[in-house]
Structures are given as C-alpha cells and as structure tokens.
Chemist: 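Have a look at the structure that comes next, please.
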Amino acid sequence: MPLSTPARIVSELASRGYNAEREAVTKLADAPDPERALDRAVETMPDDALKLTAGHVEAVLDRAESRADATAGSQRAAEQENGETATRDPSVSTGTDSGVSPDAGGDVPHETKGSRDVDLSKRAIEVANDMTGNSTGTGEYSDFVSVFRDRYEKLASKLRGRVNHRPTDAIENMAGGSEAALIGMVSDIRSTASGHWLVELEDTNGTFPCLVMKDRPIADLVQQLLLDEVIAVDGTLADDSGILFVDSLHFPDVPRTHSPSTADRHVQAALISDVHVGSQEFMADAWHRFTDWLHTAEAEHVEYLLIAGDMVEGVGIYPDQDEELDIIDIYEQYEQFSEYLKEVPGDMEIRMIPGNHDAVRLAEPQPGFDEELRDIMTAHDATVHSNPALVTVEGVTVLMYHGVSLDEVIAELPDEEASYDDPHKAMYQLLKKRHVAPQYGGHTRLAPEDRDYLVIEEVPDVFHTGHVHKLGWGKYHNVLALNSGCWQAQTDFQKSVNIDPDAGFAPILDLDTLDMTVRKFA
Ligand code: D5M
Ligand code: FE
Ligand code: ZN
C-alpha cells in the first residue's frame, strides 16, 4: 500500500508502535519516497523515543539527499515528477520552506519543533468541575436530599438579587393580598380546569402553589419550564394567602452582559463528538480525511481537540444494537478508537469526556474512564475528564457536556424553543436554567453526589455538547453554544424515527475571536 497520505503514514507508524509529530508526518508525506523515508526514520530513531519528531525525519531526508546529490541528482528530480509531491498542493509542504531545516547533521533532532510554529510553551489548559475519582454518592435517600439542596442553594443565589423573596412557610403567614416573591424548584406543573397554569414551587421549607393566568404574556414562559429547575416568581397573594398570582417569572440565566474571554494568540480548537468507533456506521473515510487535514499547513493553528462523548459505540446501549456492531468487544472498540486517535497530530492536545455509549456509569455526572480504559488510550496522551467538565483552553472556558438531557428538552419544550434541527436552541434553554440536566427521573439518569456537578455555576464562554448527532451553533447572551454532529452515518433506529444525522463535520473554533468555521469531511 503506497504511503500517499498522512493518515496512511500515521497508521503505518502506529502499527509499528510509534506516534509522530504532525510535522514529521508532513515531511514524510512530502518525501520523494515516503515508504523508504519512513523505514529509515524508524530505523535510525533512538530506542527510547516513542514519538517520531520532525528532526528525525529531517535528518534522514538530509542524509538521503546528500547521497543522492553526490550520485544521481537529476534522476531524483525526474522521479519526483512522477511521485506524490508533484500533485500535492504546495502549501501543504510549507514545513520545509521557512528556513529552519539546515540542522542537517541530525545531531539535535529531538526538540526541533521546527517550522510548524507549534510553541508548546504557549499552551494553557485548566480543568474545573471534574468529579472523576471524587464520587461519594451511594444512592441513599440522604444523597438525593443533599444534591437537591446544593442545586437549590447554587441556583437560588443567582436569583436572590432579582426578587425580594421569602421562604414558603413565611409566605403562608403573610397577609392576604400582599406582594410576595419566592424562589423554588418546580415540583409540579398543571393546567387548571379553566386553562390557567398552576406551578408548584418547593424550597427547603416546603412547597407553595403559584398561579399563572393563561392570558398573561408570562404564560408562554410556563411552556419553557421543566420539572426540578429552579426559578423565582413574584406576584400578589390571594385573600386567604393560599396561592400566589404570578406577575413575573425569572430564570437564573446568563447575564446579558457576559463578556467572553479569548486567547491572546491565534490558536484554534476542533470541537467534535460522537465518534462511535465500533459501529458499522462509523465513517472511517471521513475520519481519515479529517486527520489528514489536521496534518496540513491549513490546520497548523489547530492545537486542541475536544471530544464531547460517545467515543465508541459501546455494547448493549439500545435494544438490537448488536446487529449494527462492527466490533463487539468494548475493549477492542477502545483499542480501535485509540488507533484512530493516533492519526491525530502527536502535538495536538486532546481532551474528552464520556457519553452514554462509553464504558462508564450512565448516570450523570459520569466520571472519566477507569485506569484500564485509560491505559488502552495512552498512545496519544489524550486526557479524559468527567461529563460534564469545565475545560479552559488558553483563557476560553468551554463547558463540555455530552448532551443526553437535550433529548428531554427537545421532547418537552415547544419546537420554536428546542428541536433536533436547531440543537443549539435546546442548549440555550440549559444555559437559561443554568443546569445541564434540569429534569430528574425521566430519560436522563442522575447520580446523587455530595454536590450538584450539573449546575452551570460559572458562565462558560463556549458550551459544547453532542449526543443528538446534529450540527448547530449560535450565541446566547454572548455564549457560543455548539452541538458538534457526529462521525456515524444514519443507523436503522435513526432511520425509523427520522433522525437525519449531520455526520463528518469538524467545527473549528478560533480561540482568539470565538469565530467558528465548520469543515466537512464526509
Ligand atoms: O444518540 C443519538 C441520538 O439518537 C440521540 O438523540 C438519541 C437518539 N437515539 C438513538 N438510538 C436510540 C434508541 N434506540 N432509543 C432512543 N433514542 C435513540 P446516541 O447516544 O448517539 O445513540
Ligand atoms: Fe452519540
Ligand atoms: Zn449519545
């Protein structure tokens, strides 16, 4: 098999147990005889080196070149005419153009980060809200009490400045007809016989019924409510103080004044999700095209790769899923995923979180993978965090969440607010509610911990989800919400329910401007 593309070179290297810098792969692909260059580079590599560097390749190519020059220089030029390099877009090989290459002797090949302009010292990544290894919940009743209490406290603190609220038991004792406000978790939503809405709110002291009249503009907001989210209302008490007539309703929300942070250099991140390796529908060709592109000069600023869950297809996730499996063993799926990760330039920083197809508990928050799975994926140094996790990349805070709750938000809310065609709008709802999975007890499973990791405490600059396999993005109060599509073609199930996935796209985010471009590889 001719090593005509970077992806082939990478898989050849991987099959021999090597990882490679992106620049090294580019140089090999551009060599007159990539196969020979690869063989020689591997042969001359120091025994303890795990990663083939651009320096190694340069040293090999320079040596070959000086020999060729001494013997049959003109012949080599003729060969090159027929080879890959002749047809290759010249911009791809800019790696050799910038004049850094004369370190010919091969004495200092190792840390020559060379011409690719990757300055690792500029990299900065921090992670918050990662609960991996900190799970304390045992599923006892008391755990549920503490996680809901924490949710209430955190979200109520966002609402306190906006209403002059009283606890439910104090409101019961206020004089009939007085103005009152309360902050509570939505414990019930019902329509009355006359078509008004009765919303029951619960705080740490009790519950209180609140009536939203059907002809008031705020009645539309009731359509946006989910059970268990925390809101504030104010209005007027009935004569017997037994019910509150609501005048206004407030969500914890993202302040409109939120001003996102940006990186202070031109650097980019690829934000993807739902790779589904192991599924018959995994789109290997699109993946190869994506990773090939990452090796080109056009992608030289793409230094980060974020993957928002569903790395593999998993086993036993849905009924009859095994009929569509390409790899039936979960560990083999991760081994294969790890092979695909090796195609990603070795110098890229990869951060990922699990999804509902991954081999961790289904209930959220989901911890990052255990040691055994991490070991399988060490080849590329990809780091896994919990779902959700807050990953700050060169100053830009990205809230990564797989997105299982989106199915529920889409099912429960009106189409204009949330639909599969506009998944980012469903994400706006989560930002507004400041919680990634507000509704408990439905489709989205929650594991109680000592605190509620699913609250969106800090406003992110970017909110990145997947799961629904649809591409969509937009800004909500200056927060970029992105659902990143998938790498899996339509499954039989999806066909049966008319889900038409957006597969093979890679959204590329400029971390210095927060502008996004989407590249299509399918
Ligand atoms: O989910 C991909 C999307 O498809 C997500 O919106 C859920 C939905 N989906 C896929 N298969 C099923 C089955 N069998 N039941 C219900 N919903 C499903 P993913 O997590 O990638 O499978
Ligand atoms: Fe998925
Ligand atoms: Zn999923």
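Counting starts at 1 for both ligands and their atoms, in listed order.
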Chemist: Please determine, by modelled atom types, if Glu202 and Tyr152 share a side-chain donor-acceptor pair under 3.5 angstrom.
Modeler: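 No, no side-chain donor-acceptor pair sits under 3.5 Å.
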Chemist: At under 4.0 Å between heavy atoms, is it the side chain or the backbone of His357 that contacts ligand 1, or both, or neither?
Modeler: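 Within the 4.0 Å criterion, His357 contacts ligand 1 through side-chain atoms alone.
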Chemist: In terms of atom number and element, which parts of ligand 1 are under 4.0 angstrom from non-hydrogen atoms of Asp310?
Modeler: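 Every atom of ligand 1 under 4.0 Å from some heavy atom of Asp310: 19 (P), 20 (O), 21 (O).
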Chemist: Evaluating non-hydrogen atoms only, which member of Glu313, His402, Gln490, His467 is closest to atom 5 (C) of ligand 1?
Modeler: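 Checking each option, the heavy atom nearest atom 5 (C) of ligand 1 is found in His467.
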Chemist: Tell me, which protein N/O/S atoms are under 2.8 Å away from the Fe ion (ligand 2)?
Modeler: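 Protein N/O/S atoms under 2.8 Å of the Fe ion (ligand 2): Asp274 OD1, His276 NE2, Asp310 OD2, His469 NE2.
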Chemist: Starting from atom 21 (O) of ligand 1, which protein heavy atom do you reach first, and at what distance in Å?
Modeler: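 Going atom by atom, the protein heavy atom closest to atom 21 (O) of ligand 1 ends up being His469 NE2, 2.7 Å.
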Chemist: Could you tell me, atom by atom, which parts of ligand 1 come under 4.0 Å of a heavy atom of Asp274?
Modeler: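 Per the distance check, 21 (O).
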Chemist: What protein heavy atom is closest to atom 15 (N) of ligand 1, reported as residue, atom name and distance in Å?
Modeler: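 In this structure, atom 15 (N) of ligand 1 has Phe493 CZ, 3.2 Å as its nearest protein heavy atom.
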Chemist: Within a distance under 4.0 Å of any heavy atom of Asn356, pick out the atoms of ligand 1 and give their elements.
Modeler: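 With Asn356 as reference, the close atoms of ligand 1 come out as 20 (O).
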Chemist: Within a distance under 4.0 Å of any heavy atom of His276, pick out the atoms of ligand 1 and give their elements.
Modeler: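 Result: 21 (O).
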Chemist: Report yes or no: do Tyr453 and Asn387 form a side-chain donor-acceptor pair below 3.5 Å?
Modeler: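 Not at all, the side chains of Tyr453 and Asn387 share no donor-acceptor pair under 3.5 Å.
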Chemist: Report yes if the distance between the aromatic ring centroids of His477 and His258 is under 6.0 Å, otherwise no.
Modeler: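 No, the ring of His477 stays outside the 6.0 Å limit from the ring of His258, centre to centre.
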Chemist: At what distance is the nearest protein heavy atom to atom 7 (C) of ligand 1, and which residue and atom is it?
Modeler: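 Looking only at protein heavy atoms, the one closest to atom 7 (C) of ligand 1 is Asp407 OD2, 3.4 Å.
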Chemist: How wide is the angle at the Zn ion (ligand 3) between ND1 in His467 and NE2 in His402, to the nearest 10°?
Modeler: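 Roughly 90°, rounded to 10°.
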Chemist: Strictly under 2.8 Å, is the Zn ion (ligand 3) approached by any N, O or S atom of Asp310?
Modeler: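 Yes, within the cut-off.
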Chemist: Taking the six-membered ring for Trp, are Tyr340 and Phe282 closer than 6.0 Å centroid to centroid?
Modeler: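 Yes, ring centres under 6.0 Å apart.
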Chemist: Go through ligand 1 atom by atom and flag the ones less than 4.0 Å from a non-hydrogen atom of Ile499.
Modeler: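 Listed by number with element: 4 (O), 8 (C).
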